[in-house]
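Notes to accompany the following structure.
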Amino acid sequence: MYQTESWGSYMPARTSLGDPLERIGRLASENAVVIFSISSCCMCHAIKRLFCGMGVNPTVYELDEDPRGKEMEKALMRLLGSSSAVPVVFIGGKLVGAMDRVMASHINGTLVPLLKEAGALWL
């Protein structure tokens, strides 16, 4: 596991055989806040900044650094029903969604209670 101060935990997604959606579900449920990202994506950067700015230490899986990242990216697109796969955020093992859903939750005040319930925020 790689630790960085600015983005939380960067973990290489472990290799496992099987369905990419099962793998995503397993990885998403292992930590309070999980972000599937691509290292060069500006929206991914913004979502990581949002969580870190709130004092949350997300686990980030950079799909472009994973040998099976393309498969996972396609599975995330299917899951979201979207042409863009990242960023995708899971809180407490539950899919929150992409940037638009996370920002809407932040603006309408439902993001902080989700983070508290998942044990990612103690304020």
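Nothing here was measured: the structure is a model prediction, and the numbers come from that model.
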Measuring from atom [atom1] of [X] to atom [atom2] of [Y], what distance do you get when rounded to the nearest 0.5 angstrom?
{"X": "Lys116", "Y": "Leu114", "atom1": "NZ", "atom2": "CG", "value": "11.5 Å"}
{"X": "Glu65", "Y": "Ile38", "atom1": "CD", "atom2": "CD1", "value": "10.5 Å"}
{"X": "Arg101", "Y": "Leu95", "atom1": "CZ", "atom2": "CG", "value": "7.5 Å"}
{"X": "Ile24", "Y": "Leu79", "atom1": "CD1", "atom2": "CG", "value": "7.0 Å"}
{"X": "Leu50", "Y": "Met99", "atom1": "CG", "atom2": "CE", "value": "7.5 Å"}
{"X": "Glu71", "Y": "Leu63", "atom1": "CD", "atom2": "CG", "value": "11.0 Å"}

A side-chain contact here means heavy atoms from C-beta on lying under 4.5 Å apart; do [X] and [Y] qualify?
{"X": "Arg49", "Y": "Met54", "answer": "no"}
{"X": "Val34", "Y": "Ile91", "answer": "no"}
{"X": "Ile35", "Y": "Lys48", "answer": "yes"}
{"X": "His106", "Y": "Val102", "answer": "no"}
{"X": "Leu27", "Y": "Thr59", "answer": "no"}

*Decide whether Ser37 and Glu62 meet the rule of one side-chain donor and one side-chain acceptor closer than 3.5 Å.*
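A donor-acceptor contact under 3.5 Å links the two side chains.
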So which heavy atom on [X] is nearest to which on [Y], and how close?
{"X": "Ala75", "Y": "Pro20", "answer": "CB-CB, 3.9 Å"}
{"X": "Asp64", "Y": "Ser40", "answer": "OD2-N, 4.4 Å"}
{"X": "Leu80", "Y": "Gly97", "answer": "CD2-CA, 4.2 Å"}
{"X": "Ala85", "Y": "Val88", "answer": "O-CG2, 2.6 Å"}
{"X": "Ala118", "Y": "Ala32", "answer": "O-CB, 3.5 Å"}

_CE (Met77) with more than 12 external heavy atoms under 6.0 Å_ =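 Enclosed: over 12 neighbouring heavy atoms sit under 6.0 Å from CE of Met77.
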_Before you tell me yes or no, could you show the steps for Phe51 and Asn57 under side-chain contact (heavy atoms from CB on, under 4.5 Å), namely the whole-Å CA-CA distance, both residues' side-chain angles and the distance that decides it to 0.1 Å?_
CA-CA 7 Å; Phe51 283 109; Asn57 188 28; over 6 Å; no
*Can Arg23 and Asp66 be said to form a salt bridge (charged side-chain N to carboxylate O under 4.0 Å, His left out), step by step?*
CA-CA 13 Å; Arg23 185 171 181 224; Asp66 185 294; 3.0 Å; yes
*Please work out which of the three classes, parallel, tilted or perpendicular, describes the rings of Phe36 and Tyr61, given edges at 30° and 60°.*
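Parallel, since the angle between the ring planes stays under 30°.
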*Dump the intermediate steps for salt bridge (charged side-chain N to carboxylate O under 4.0 Å, His left out) on Glu73 and Lys70, then the final yes or no.*
CA-CA 5 Å; Glu73 191 175 346; Lys70 280 287 179 205; 3.6 Å; yes
*Look at the side chain of Asn31 and the backbone N and O of Val33, then say whether any donor-acceptor pair between them is shorter than 3.5 Å.*
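A pair under 3.5 Å: no.
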*Let me see the working for Arg78 and Lys74 under side-chain contact (heavy atoms from CB on, under 4.5 Å), right down to the final yes or no.*
CA-CA 6 Å; Arg78 286 193 311 273; Lys74 288 176 186 170; 4.2 Å; yes
